[in-house]
Structures are given as C-alpha cells and as structure tokens.
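Please read all numbers here as calculations on a predicted model, not as lab measurements. Letters A, B, ... mirror the listed sequences (proteins, then strands); counts begin at 1.
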There are 2 protein chains.
Amino acid sequence: MIIDRIRREDLRNKIMSADEAASFIKDGMTVATSGFTPSGYPKAVPLALAKRAENGEKLGLTIITGASVGDELDGALARSGVMKRRYPYQTNKSSRNAINEGKVMYQDMHLSHVAQFINYGYLGKINVALVEALAITENGGIIPTTSVGVSPQAISNADIVIVEINTSQPMELEGIHDIYMTEKPPHRKPIPIVKPEDRVGTPYIPCDPEKIVAIVECDIKDNVRPLGPIDENSKKISNHIIEFLEQEVKEGRLPKNLLPLQSGVGSVANAVLGGLVESKFENLTCYTEVIQDSMFDLIDAGKVTVASGCSLTPSEEGLKRLHENIKHYAKHCILRPLEISNHPEVARRLGVIAMNTAIEMDIYGHVNSTNIMGSRMMNGLGGSGDFTRNAYLSIFTTVSTAKNGDISSVVPFVSHVDHTEHDVAVVVTEQGLADLRNTSPTERAKKIIENCAHPDYKPMLWDYFKRASSGKFKHQPHIIGESLSWHARFLETGTMKIK
Amino acid sequence: MIIDRIRREDLRNKIMSADEAASFIKDGMTVATSGFTPSGYPKAVPLALAKRAENGEKLGLTIITGASVGDELDGALARSGVMKRRYPYQTNKSSRNAINEGKVMYQDMHLSHVAQFINYGYLGKINVALVEALAITENGGIIPTTSVGVSPQAISNADIVIVEINTSQPMELEGIHDIYMTEKPPHRKPIPIVKPEDRVGTPYIPCDPEKIVAIVECDIKDNVRPLGPIDENSKKISNHIIEFLEQEVKEGRLPKNLLPLQSGVGSVANAVLGGLVESKFENLTCYTEVIQDSMFDLIDAGKVTVASGCSLTPSEEGLKRLHENIKHYAKHCILRPLEISNHPEVARRLGVIAMNTAIEMDIYGHVNSTNIMGSRMMNGLGGSGDFTRNAYLSIFTTVSTAKNGDISSVVPFVSHVDHTEHDVAVVVTEQGLADLRNTSPTERAKKIIENCAHPDYKPMLWDYFKRASSGKFKHQPHIIGESLSWHARFLETGTMKIK
C-alpha cells in the first residue's frame, strides 16, 4: 500500500523503519515538522527519538512546528527530555509543564512570523524537515495530510527531508491543498488571493527528491482532542455575537453574508461558529486557521460555501464523520500553508471577522491570551494576532470568571498583554458584549465593566476605576501600584475576591 | 495668485474668508482634516473656529487627522475647548494636557487603521473634510501640500469639503504625491506596490467638485518643530544599529543595500538615520511615514535613492533647504496616503527595517510607546505598530534612563504595552543592543539587562529577575505584586531608585 503512495519510483528504496529514519537526527539539531493542531504531524519518528533518549542516549533538539501537535511529538519529546527548545505554539500537557518548569526554552510567536523567520534564517539552520505525507508525487512533491502548517518552509530550508507516509489518512484528501509560498524581500510579490475560495498554488509541496533521505510507513491516527459539549455560557457568548453581527448588517457596516469568518481553536470557538447554524445568515465563507466540527455542521446546513484553513481539526466523532463524507467536505475546504492562512496581507484584504478567545481582558481593552497570572504559559498566542490586527472586526471572547468564580476574567490591568487596546474592537462574555470602537479608554472601561464583568466583581472594578479616575492623569487612569494586586491576591489567597 | 491655483473655473466663486468657511462647521460635527505631523494641515479655518468658541459660542467637535498636526489646529482647538474628541494621534502640548485632564476623549490608534475605519463607518458620520491644498485641478482633484495623511478618506466620506489653498506651499510640490485608495472588503484588491519607488495612483486626490463648499486662501506656513541637536546618546544608539546591520549583511540575512528603512519621528530617529550618512551602505531606500532633515542629508550624500513617506517633516532649517532645492528633493521623494505609507500589506511585502522609539521596555521585550507611568498619554502609538509587526526587522530604541536618571527605561514590567514580546526583534539603548530573535523570555531578559540597562539599575533588574526565576513558573517569571513597583515608587518618591 505504501508503495502506491510513492509515485516516484526511485524514492521507493528510501523506505525504512522509524528507528532507521530517526538515526539521521542527531543531538543539537533543529527539526522542523509538519503539523498544525493535532493534525498531520509526524508520529513514528518522534516516538523513535523519544525511545533513544529513554534508552540513555544524549539527545537534545530544537523543534519547530506550524502550531500545536499531538502527544506522539510534543508529549513524547517533552517527557523524554529530547525537546530543549520549542517554537512557536503548543497545547500539550507535558510540553506545557516542561516550559513552565524552565526545561524547554519556548518562544511564543505570531504563527505568520514563523514561516518567514525560517526563510530569513532567524531561527537558525534547519537540519531536518520531518513531515507527514499522504503521498509523494512523480516529481518528488509532498502531498500533505490533514494540515499544511510550516511544511513548505521546513522542506525548502532543511538539509534533509524525512517523510512519514500515513496510511490512515484517506487518499481522498488529495487536491484539498493549495500550496503557495512567498519569496523573500526584496523579491516578494502580491499574494493573488482576493476571495477565500481562490486557489493560487499547487496541490503538493515542491521538494527536491535528492533531499528525501528516508520514507517511513506509519498508520497512527491523528491524536484528535475531544471538544467540550456546548455549554450555557458558550451559547450565551455565541448569541451575543450573532445579535451584534445582525445589527452591523442592519446598519450597513457589514454585507448580508458577512465577511470571511476566522475563529480560534477550542470548545468556545467551536460553539460560537456552531451558533451560526441556527442563524439567518447564508452564503458564509471562512478564512481561518482550523476547521473544526461546527464547520462541518455549517457546510451540511448549506450555510458555509467555502472554508479556507490550515488544518482539519475535528474531534474523534468529527474525524469519523470527515472520513465517511470526505469527498463532500473536501469540495468545500481548502488547506493552505500557515504563511498564507494567517497572512496579514490576505486577512486585511478579505476583511476577516476575527473571533478569538482571551484568558483575561482589562477594563481598557487589553487582552491576555497566553500567560496565567503573568507567568504561567497556557498554550501560546497562535494566530490570534495575525487575524486580530488585520481584521475588519476583531472580537475577543471569554467567560467572565474562572476557577469557580475565584478569578475574574475582567481585571484592572491584565497580567500579560498579547493584544493591545489598539487591536481589540469588541469583547464578549456570557454577561454581554462591549463595542469598543470609537471610544476613549475611559469610555471603554465603563462599557466593559457594565456589560462584560461578572456581578461578583463589578463593584470592585467600579471602585478601582473611580479611584483611579480621581488621580491626576485621566486618559487611561490607573493606580499603578494596585493595578496587578488582584493577581497577587489570587496567588496569595486563592481568590481575587477580598475576603 | 489663488485664482491660478483653482484650475476649475466654476469653483472660483467658492472663495471666501476663513470665518465664512468656518460657518459650515456646527456644534457636534465630526471634522476630518489633512495633516500628518505639523505638515499640510489646515490653519486658517481652525483658527476661525477657535475664535468662535472664545467669543462664547457653544462649539464642540470631533477632530480626526492623519496624525499630529500644528498648533493652529490641535493647540487652538484644545485651548478653546472646541476639541471634544480626537483621533488618532497628537503631539501638541495643549491637546496632550486636555487629554490627560480628561477634557478630550482620545483614541490612540494604529494609523493604518484610521483610513479603513473611516471607510467602514466605525468613526461615525464624517460631516466635513477640511483640507489644505496646493491647488485644485480642472476635474476638481485636490493636490495636497506637504503631507497626504487621511485626506483621501476624509474627502470621499465627508458630506462637504472645505479647502484651504496655502500659497506659502511651493507649486513645485505638484507631482510628488501618489494617491491610491483601497476598496472596502469584499472588493479589495492587492496593492500593486512591489518597490518603494512604485507609483500606482494619481498625483491628486479625486474629489466630486459639488462637495466643495468653500475655498479659503491661507499663507500661514507649516508650524515645523525644531529637531534637537544630535547628542552623544543618539550617536551611540545609531552606531549600535549600524554595526548590527553590517553584521546582518555579513551573515547573509540582509542584502548589501539593506531593505527599505522606516524610521519614527523625532530627534533620536533623525539621528539614527543621520548616522547612515557616514556608513558604508549605498543605494538605500526608505518606505516610511515622515521624511525628516536627515533624509535630505542621505539624498544629498547619494546614499538614498528613493524616500517614500506620508509627509515632509523638516525642521525650520530643513524647510528652508527643502524650498530652495525643491525640484531636487522632489525627484527622490513620494508622498502617499497614510493608508498606503503605513499599510501592513506593503510593509510586509517590502520587508521594511522598522526603527521606532520606546518610552520604556521591559526585561522580556514588551514596549511602552505611549503612556508614562501607565496613565499619562505622551503622544500616541502612531505608525509604530503598523511597521513593527510587519517588519523584516523590528528595532526599538530608547535612552536607558530618563529624568536625570530617576527613571530606568528598562523595567521589570512596562506600565503600558503597545508592542508585545511577539513583535520586538531588537532593542537598543546607548548602553548596547540586544538581539531578541530566536530566544525564550528568560534568554531575552539576560540579554536586555546585560546589554541595554543603565549600570545604576542593572543590579536591581538582576535581583528582580533572579528572585522571580526562583518562583514556580519559569517561562516568563514575574513577582506579579512587585512587577509595577518601580513605577509606583517613582510616583511616590520621585525616583525608581531605592533610597
């Protein structure tokens, strides 16, 4: 079966075991891999690498991916100590712990920066590209599987390429990909995408066949994550957003079929999109990073005509559904390299409606997406900045409290800033929505406290804002020595509430 | 003389006094004006508006400009209380005070957002466009003067247009402008600029002649600002940057003639560019916002072949020099609308080297460009975010201390974040340069403290970093309750130093 997937005959003699392929990877190397969310990442070779370290070999690597990947890569390499440095995003429990313990040097990056920074040489020499593939074409081209990620740049910059052909990935995925790569300045040209459905590249990643040193057969499935059931709070958030979008259409600021939607990863994001199934909107399009279960619902309901993304990221049930109806879904989906799915140029041109989740927001509209209590890395920034800054409308959502109410997601001053007041147009919690356009910071504070904060924390927020506003500088009033005291109190007492 | 500048004859009967023209502007209106830095802004009509308020008339306006403007507009309208709301940037002492006193609602915005947000209707109805012009063409087109700013969007969105023809502006400026405007999504097309010298538009702003209700003659010169003499610290910063750029060329990460330079406004920025006159670099290009005095030096030295910007912003001596050699400089300069000079799409495509100034930076690479001690608005963000996020290299500069050493510009946690750790590649003070690419937050902290902090504050920064690093979460270690204590101490005792 794997033979059929290697259409270039002279490459068939590169088939070898994962252990043999892994032997090309040596201590100190930088390995750039396929994968974007737990989709389309290499599995067999990373497990072989972890085994070597577990058997006592000194093996430390820099791992660069498109975004998060599954446990066979991030988990196994973090637990075995192979992972020493990690860019640009992760969501795995073991890698997260290793980062927070200071064992892994982690740079949390705008995803759209990764591709070009590899090309610029900023991330150092790429020794090995390790990519999962559906098949290899007659000319050596690599056909990706359920994601594209940073594979094009990994392959073009690496000294050698190791391919894992994953036979659990259905061949019907062929043709879903659209691979376009930009030149380096000063030779860069406009990206010719003007609609989400535009195909501007090739259905495979060009690859010099001479670079391919190993081909490994693998049948481990994408380690997809369950999506939480759509809960009451997510439904409320979704409803606030839909009501707001309807109003924008009514006032002539948005076309009837909106503009291309971008939605972050996870259960709340999935719920927000899911809410559109019941809405009146028709002929929607998406220009986003990840295509989750609710996108299949929207396609089935005839609501979404095209979904452009970087990966298919279904739940286990979603994966089954995808495999059973793959031709149907493939007609409506395009998978692009992260450089293009997240490109500021395209996001700005298309005018995406960006919907991303926040860990916390402050009364002036700054958003923390990454570090809990200022220091504890959760996942990372991902593509939220790529879309938010360049959106037609940038929306951030969060539930108004966390930890059974002991944390307020609306605070006087966020403990880490990933998106500034200059980038956030609308914030939403289950309590309500605050439209921050056309406002000064103090006007924003009043809206955010009134509309979005949880009732338990409203009086405390009003108190802070009023006392701060009585100070000398009234543009963005703070009592600077007190502004982060809510976080300090939580760390000390286990709650932001004053006992 | 003004007659000659109104080439469309049927508009000549619209000539009237500033007072008469100002009478079109009523209480509660939104006025969008020309101007970008104290260049090319309307002067006579704003002074007439201020006079009305000083004479007791109730007159409150929203003022939208391209960026900062001169005292006849920002100063006069702030002092007279006419200015109630102000977007997106200012540098005037009177407007700054009014903002910090809470008398003016100020939204500090990415400049590139302003143009599109006017088009989207986010900033409300534009009642009046008030623009300075060099002349009016036969078809009613407005030829701007020393800046373009947001005039194209002001004119196309406003109900009525008031033109100030400024006879102090030399007619030789005609032809220097290149006016290109984008459509709204979903109809937006790629901006066809692939080199800084590309001209893609018209030399005038299209305008429906029916909209022009008044034409005022004005001979008040641009209220240009003096540039500070190039001091020792600026020279050191400039030298650190040039040495760094030379190294990047040597290592093959930059072409020999670099990539298009973008440089912020002000004395330090001027000094940094000025340093290039003595450098070995040749055939440089600029894709920037403002063209200051040092650009004329670079052009005269044959170092810069083309400077694309949004405004000519010389000092008084520079203005004299410009006027005396205007044909010479006009050959090398292009003035574009701020939408295009600051457009993420173009900045990213060209791969600009962005050099902007910081008020303060923290040990993890976050930058504050706007609010002193978290609350006191200085000027605003300007275009720094447009360029920084999309740059090939984003560089921030600051002198390592302020207020005679009582403020450290390197702090544990910045009191306001305008540029996040994800956007800052290099930071420079007179002490040295820290290259933050390819680093985790803790690696960044070590470089910034060691290379950039002032010796007086180094031990305190090391002490904070080491104590924070001994805590449980080691990704971006903070002692959250202490992280802003330096600012609190300064506000309390007048110094960040521990007495």
Output yes when a side-chain donor or acceptor of [X] lies under 3.5 Å from a complementary backbone atom of [Y], and no otherwise.
X	Y	result
H487(A)	G481(B)	no
H422(B)	Q107(A)	no
R188(B)	R348(A)	yes
Y122(B)	A425(A)	no

Once you measure the plane-to-plane angle for H475(A) and Y106(B), does it fall in the parallel (<30°), tilted (30-60°) or perpendicular (>60°) bin?
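H475(A) and Y106(B): tilted rings.
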What part of [X] is in contact with chain B, defined as an atom under 4.5 angstrom from a non-hydrogen atom: side chain, backbone, both or neither?
X	answer
E101(A)	backbone
Y364(A)	neither
V414(A)	backbone
K195(A)	neither
E183(A)	neither
N390(A)	side chain
P186(A)	both
T182(A)	neither
R444(A)	side chain
N371(A)	side chain
T442(A)	side chain
E421(A)	side chain
A391(A)	backbone
L436(A)	backbone

Does atom NZ (K447(B)) have a neighbourhood of more than 12 heavy atoms from anything else shown, all under 6.0 Å?
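Counting neighbours around NZ of K447(B), more than 12 heavy atoms of other residues, nucleotides or ligands fall under 6.0 Å, so yes.
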Over all atoms of both residues, closest heavy-atom pair of [X] and [Y]:
X	Y	result
N438(B)	L123(A)	ND2-C, 3.8 Å
T420(B)	D418(A)	CG2-O, 3.5 Å
V194(B)	P190(A)	CG1-CD, 3.7 Å

Can you tell me if H113(A) and R389(B) form a side-chain donor-acceptor pair at under 3.5 Å?
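There is no such pair between these side chains.
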Take E345(A) and R349(B) through the salt bridge (charged side-chain N to carboxylate O under 4.0 Å, His left out) test and state the conclusion after the steps.
CA-CA 8 Å; E345(A) 173 177 334; R349(B) 182 180 304 142; 3.1 Å; yes
Best-contacting candidate, [options], against chain B by heavy atom pairs under 4.5 angstrom:
options	answer
G121(A), P88(A), S112(A)	S112(A)
A488(A), P192(A), G102(A), P185(A)	P185(A)
L393(A), V104(A), I479(A)	L393(A)

Residues that T388(B) engages under side chain to side chain donor-acceptor pair (under 3.5 Å), provided they are two or more places apart:
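Not a single residue meets the side chain to side chain donor-acceptor pair (under 3.5 Å) criterion with T388(B).
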Interchain contact, E492(B) with chain A, by part (heavy-atom threshold 4.5 Å)
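The answer is neither part of E492(B).
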Which atoms of K472(B) approach chain A - backbone, side chain, both or neither, heavy atom under 4.5 Å:
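Backbone only.
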Tell me, do L254(B) and Y120(A) make a side-chain contact under 4.5 Å, heavy atoms counted?
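No, side chains not in contact.
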Please tell me if the side chains of I99(A) and K474(B) come closer than 4.5 Å, counting only heavy atoms from C-beta onward.
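Side-chain contact under 4.5 Å: no.
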Please table the atom pairs, donor to acceptor, closer than 3.5 Å between any side-chain atom in residues 372-384 of chain A and protein atoms at least two apart or in another chain.
unit_1	atom_1	unit_2	atom_2	d
S375(A)	OG	Q476(B)	O	2.8
S375(A)	OG	H478(B)	N	2.9
N379(A)	OD1	R96(A)	NH2	2.7
S384(A)	OG	L381(A)	O	2.7
S384(A)	OG	H419(A)	NE2	3.0

